[in-house]
Amino acid sequence: MLLLVSGDSAVVEDLSGKGTLVGGTRADRAPLGDGAEIALGQWRAIFRARTTSAEDAPETEVRGTVAQHGADAESGRVPPAQIRLRHGGTESVHRLIGEGCTLGKDPGNDLVIDDRFISAKHLRLTRRGTRFLVLDHASTNGSWLGPVRLFEAEVPLHTQLRVGETDVLLEPATPVRRDAPPAWQGLVGQDTAMRVLIELVERVAPSSAAVTILGESGTGKELVARAIHARSPRAERPFVPVNCAAISKELIESELFGHEKGAFTGAVGAHKGAFEEADGGTLFLDEIGELPFDLQAKLLRALESGEIKRVGSSRPTHVDVRLVAATNRDLLLASRSGQFRDDLYYRLCVVPLTLPPLRNRRGDIAALAEHLLARFSPRGQTVRFTPAALARLEAHPWPGNVRELRNVVHRALLLRRGTLIDDADLSFDPDPSPRVRHGNGVTGHYVPGHKLEELLELAERQIVESALRQFNNNRERVARELGVARSTLFKRLKDWGMTRHDEPEQAPETAEPPVP
């Protein structure tokens, strides 16, 4: 591939003889506009004809201790820069305001990094036009550029440094889409149910009361739990998540309460449990409904007394933990059927928060999709949905809720041909209705603790949901296919919480055309 630049114009010429993909179209020669995407084997390149505008707002700003703008920066000849920090599975972006900044564990630094292998005053970065002077403050574990340890060096933009367990990327500031929907602690939505939920979180977070988050799988229960922690006085202390369904019954007691050396086979040393790890902070127990029955009594005691006992220990330990639980099960029904302790249910559900499924907040689907698109889009490129794509997203029933929407958006970004995502670029998971038709779902089995009437209602709901998915939420068609009146179908949907608040009590009855 050959790139020819002349003045404000640029052209790409293919040298392979097979053509080069530019904006999803294969060509031997093609002009390049700002933001054009060029495919290079398994890689993608974004052509930029101009530097990033200094007016674009950053996620955060870093104001260095010698912060003052030079004439070059003010005139726009030096592009604004940002520092991207990656630690574990988290990532944050900080706009650099001024000539430099300091990084380290000490609160007096411009960028404070919580990394056990970083020194109190670890590193200083000083801007020199389009380059950075890197000065290591005699840190214990050093600052690294690949395999090379740096003490003092000048590096260009797009350099990735390693300090402790944190990656530090120096890069031009990327524009922020001003039309991107606002997010509150990661939660996006203006639906009434979401506004009420956010208000409840704000009111409940400052207390130490136990909170249980109820909702279908994929609705964002952990996001709400993290929001409760972030808005509480415990925000600077640990947030420890534990998935009760992902740990075997033999190990879950040790994971929660810890164990002493020799407590069981394989216990070669003492181990802190989740309660001790979360001391002073928040413990999030996801899928609490899957907790073994015999362990529920020990959890109740820990909540009531604030004392835990490691496996193999004879002495209890006091902990100060705020518990947030989550489940997609009906805990009240499980407690009444004897599958979940009544006393633990009432201890956990001091403040129950219910997350609405995505199909009940269709007005938020477009905003959520735009938010996810901005999050997953390649840096430096603006990708948008066409109106047809947004209409198709809003018509989908979303049995997998926000998690399914995230996968669909991510998949569309990978499969698109240009900077627009059309309805043809969207692909959804297969309709799970065959499981119901062949008796492999819940409807084909006896569920302990449920009466026949409850199982029949569950089967009826699964059939209706499957039909709604198959016919793109066309209720008139579903009513015809199932042979029921639309008013009957609407009443069922309203009882199951599958209608909007502003819909009438009954669907209007009109003469329906005969089924062909």
Evaluation steps, side chain to side chain contact (heavy atoms under 4.5 Å, CB included), between His87 and Ile113: CA-CA 9 Å; His87 180 77; Ile113 305 177; 5.6 Å; no
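- Taking every heavy atom of both residues into account, Arg361 and Gly189 meet most closely at NH2-CA, 4.0 Å.
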Phe239 vs Val324, side chain to side chain contact (heavy atoms under 4.5 Å, CB included): CA-CA, chis, key distance, verdict: CA-CA 10 Å; Phe239 175 89; Val324 179; 5.9 Å; no
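- Across Glu276, His259, Glu253, a single residue satisfies side chain to side chain donor-acceptor pair (under 3.5 Å) together with Arg310, and that is Glu276.
- Using a 4.0 Å cut-off between a side-chain N of Lys or Arg and a carboxylate O of Asp or Glu, Glu222 and Arg226 qualify as a salt bridge.
- Under the 30°/60° scheme for interplanar angles, the aromatic rings of His410 and Phe376 are found to lie parallel.
- One distance of note links CG of Asp115 with CG of Leu85; it measures 10.5 Å at 0.5 Å rounding.
- Tested against Arg411, the residues Leu415, Leu413, Leu414 include a single side-chain contact (heavy atoms from CB on, under 4.5 Å) partner, Leu415.
- The closest donor-acceptor contact from the side chain of Ser337 to the backbone of Leu333 lies under 3.5 Å.
- The backbone N or O of Asp286 sits nowhere less than 3.5 Å from a side-chain atom of Lys221 that would complete a donor-acceptor pair.
- The distance from the CD1 atom of Ile421 to the CG atom of Leu373 is 5.0 Å, given to the nearest 0.5 Å.
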Leu348/Leu303 under side chain to side chain contact (heavy atoms under 4.5 Å, CB included): CA gap, chis, key distance, verdict: CA-CA 9 Å; Leu348 290 174; Leu303 296 177; 3.8 Å; yes
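- Exactly one residue among His229, Arg237, Arg322 makes a side chain to side chain donor-acceptor pair (under 3.5 Å) with Thr282. That residue is His229.
- Between Thr192 and Arg195, some side-chain heavy-atom pair lies under the 4.5 Å cut-off.
- Taking CZ of Arg347 as the start and CZ of Arg301 as the end, the distance is 13.5 Å to the nearest 0.5 Å.
- In plain terms, the two heavy atoms of Ala230 and Ala235 that are nearest each other are O-CB, 3.5 Å.
- Note: Leu285 CG to Cys244 SG = 4.5 Å, rounded to the nearest 0.5 Å.
- Rounding to the nearest 0.5 Å places NZ of Lys272 at 14.0 Å from OG of Ser254.
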Chi angles and distances behind the side chain to side chain contact (heavy atoms under 4.5 Å, CB included) call for Arg203, Glu199: CA-CA 6 Å; Arg203 295 168 63 183; Glu199 182 183 351; 3.9 Å; yes
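- Taking CG from Leu283 and CG from Leu256, the interatomic distance works out to 7.0 Å, rounded to the nearest 0.5 Å.
- Considering Arg329, Arg359, Arg403 in turn, Arg359 is the only one that fulfils the salt bridge (Lys or Arg N to Asp or Glu O under 4.0 Å) rule with Glu216.
- Listed by first and then second residue, the salt bridge (Lys or Arg N to Asp or Glu O under 4.0 Å) pairs involving residues 332-342 are Arg341-Asp343 (not counting sequence neighbours).
- Across all their heavy atoms, Thr386 and Asp423 have their closest contact at OG1-N, 4.1 Å.
- Within a 6.0 Å radius of NZ in Lys105, more than 12 heavy atoms belonging to other residues, nucleotides or ligands are found.
- The two residues Gln339 and Gln296 make their nearest non-hydrogen contact at O-NE2, 3.9 Å.
- Listed by chain and number, the residues in a side-chain hydrogen bond (donor to acceptor under 3.5 Å, both in side chains) with Arg406 amount to none (sequence neighbours excluded).
- For Asn328 (side chain) and Gly215 (main-chain N/O), no donor-acceptor pair under 3.5 Å exists by modelled atom type.
- Residue Pro172 comes nearest to His158 through the heavy atom pair CD-CE1, 3.3 Å, listed as atom of the first residue, atom of the second, then distance.
- When all heavy atoms are compared, the tightest approach of Gly289 to Leu331 is CA-CD2, 4.0 Å.
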